[in-house]
Amino acid sequence: MSDIRKELKYLSSHEWARVEEDGTVTIGITDHAQDALGDVVYVETPEVGSRVNVGEEAGVVESVKAASDIYTLVSGEVVAVNDLLQDTPETVNNSPYDEGWFFRVKPDDLSELEDAMDAAEYKEMLESED
Amino acid sequence: MGHKTPLYQIHQQMGGKLVDFGGWDMPLHYGSQIEEHHKVRQQAGMFDVSHMTVVDVTGKDAKAYLQYLLANDVARLDSLLGKALYSGMLKPDGGVIDDLIVYNMGNWYRVVVNCSTREKDLDWMHSQIKSDTKEFDITLNERADLTMIAIQGPQAIALTKTCLTDKQAAILPQLSIFQGLAVGEWFIARTGYTGEDGLEIMLPNNEAEAFWMALAKAGVSPCGLGARDTLRLEAGMNLYGHEMDESVSPQVANMSWTIAWEPASRDFIGRSALETEKQAGIREELVGLVLRERGVLRAEQIVSAEGIETKGVITSGTFSPTLGYSIALARVPKSNATHYQVEMRGKWVSVERVKPNFVRQGKALV
């Protein structure tokens with residue numbers, strides 16, 4: 001069974017979001033997603049200063065197996081991206097919730113996260129897919 | 001639930017991620033496909049390839065039967081016991097039913113065909129034994145009692161040697177590339193699908209687990225079918241269902257060298273269709289593509305060359321772990337183009353054409 005973190009919010013497309021102490025929101029892909037993708041070979045993150053919107057493609061992750069669009073859980077301005085992923089994309093496989101984060105957003109409206117799944121709902125979704 | 005090889009439980013114990021592969025539960029990887037790929041290029045890796053179908057062809061007409069059944073000519077094997085031959089098995093219209101390897105076993109032959117094509121291959125092979133005009137005195141015997149393990153990489157033969165009996169090991173120095181020899185119930189061949197030196201060993205199912213564990217203990221890394229695919233693609237080798245199938249001629253799949261036109265008197269299935277195609281002019285070819293920037297070329301992406309209206313298609317594409325960028329095989333209209341455009345996720349990206357042979361013996365060729 002894949003690792004699901006209690007404190008995070010989730011999308012059905014397997015991204016997670018974490019609200020940081022400074023009010024920004026970090027986005028990444030789940031343990032289930034990295035496992036399904038296999039070895040990640042490229043990550044395309046949005047540029048710092050650009051805008052990302054819920055429901056729109058915010059980046060791409062490519063593995064040995066497939067390319068997948070990355071979606072954000074909150075709209076807003078990108079304030080940081082994980083440069084580590086450019087040279088060591090395998091970080092996404094090794095540490096999907098910590099070192100393998102994708103980008104950080106200053107949210108327009110944090111309440112957008114209420115539309116996302118919590119850990120229990122995400123777990124239920126994964127189990128129903130098996 | 002799919003078919004399980006005799007090594008299924010071992011794969012589970014070793015942490016293999018098991019996936020459906022042509023109806024078989026096979027390991028995709030044991031953690032990291034890329035690490036397994038590097039192991040094979042740099043040291044030694046082993047693959048359970050028992051899902052492949054082994055068929056022994058025996059009887060007094062075995063040679064004549066295979067000379068009719070296959071586009072390549074098994075007479076090319078006459079000079080050397082155990083010698084292997086790569087061939088297409090064609091339909092009368094020249095389409096490829098399967099690609100396979102056939103070994104000269106003395107007065108009989110051993111054929112290894114793909115797993116996903118097993119049923120139609122066996123049906124076809126049986127149907128060609130007797131027709132209105134021909135009848136061959138042969139017997140086909142599928143060898144489900146054998147496990148097949150491929151050990152590949154620069155250290156593969158040396159490490160495997162430490163896991164063999166003296167009698168089995170004595171075979172190794174005698175083996176030339178693309179030759180296999182029987183020792184008791186075992187069959188040890190210097191063949192593979194990775195572009196590295198190595199062995200493919202067929203052995204009785206009940207000995208498979210112990211041999212696999214001995215290899216692991218000797219330092220041979222278990223590798224899944226994911227690495228097998230990136231290795232074969234780097235080596236520019238075809239995969240049935242990608243580079244060719246029943247709708248694709250071997251002449252547009254880099255398999256012209258496997259068509260034995262001489263002697264002209266040899267009638268093989270598909271011959272007249274291939275001759276007609278050749279006389280009319282071959283219109284397509286299989287080329288190598290490299291993308292040195294970010295992104296991964298994938299099968300089914302559209303390929304376009306400047307000034308040529310007809311589009312081509314990527315037949316196999318992947319990230320090449322050895323090269324660090326993406327490579328692909330593509331079937332395109334024949335031309336002198338040195339660059340192509342590939343439609344990747346809605347954008348046209350420029351790629352370079354290269355010989356479809358990217359990495360061999362651990363060395364980059366592009």
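Here is the naming used below: chain letters follow the sequence lines, and residue numbers restart at 1 for every chain.
Proximity to chain A is limited to the side chain of B:R298, based on heavy atoms less than 4.5 angstrom apart. Heavy-atom distances place no part of A:N93 under 4.5 Å from chain B, backbone and side chain included. For A:V43, the part sitting under 4.5 Å from any heavy atom of chain B is the backbone (N, CA, C, O) and nothing else. Contact of B:T318 with chain A is made through the side chain alone, with heavy-atom distances under 4.5 Å.
The number of heavy-atom neighbours closer than 6.0 Å to NZ of B:K311, taken from other residues, nucleotides and ligands shown, is above 12. More than 12 heavy atoms of other residues, nucleotides or ligands sit less than 6.0 Å from atom CD of A:E7. The number of heavy-atom neighbours closer than 6.0 Å to CD of A:E20, taken from other residues, nucleotides and ligands shown, is above 12. No more than 12 heavy atoms of other residues, nucleotides or ligands lie within 6.0 Å of CD in B:Q9, so this atom counts as exposed by the packing criterion. Applying the 6.0 Å contact sphere to CG of A:D87 captures no more than 12 heavy atoms from other residues, nucleotides or ligands. The environment of B:E352 atom CD is dense: over 12 non-hydrogen atoms of other residues, nucleotides or ligands sit within 6.0 angstrom.
Put simply, of B:P321, B:G295, B:G226, the one with the most heavy-atom pairs under 4.5 Å next to chain A is B:G295.
Annotation for A:D39 and B:I34: closest pair OD2-N, 2.7 Å, computed over non-hydrogen atoms. In this structure, B:Y325 and A:Y42 approach most closely via the heavy-atom pair CA-OH, 3.7 Å.
Using a 4.5 Å heavy-atom threshold, the side chains of A:E90 and B:E35 count as separate.
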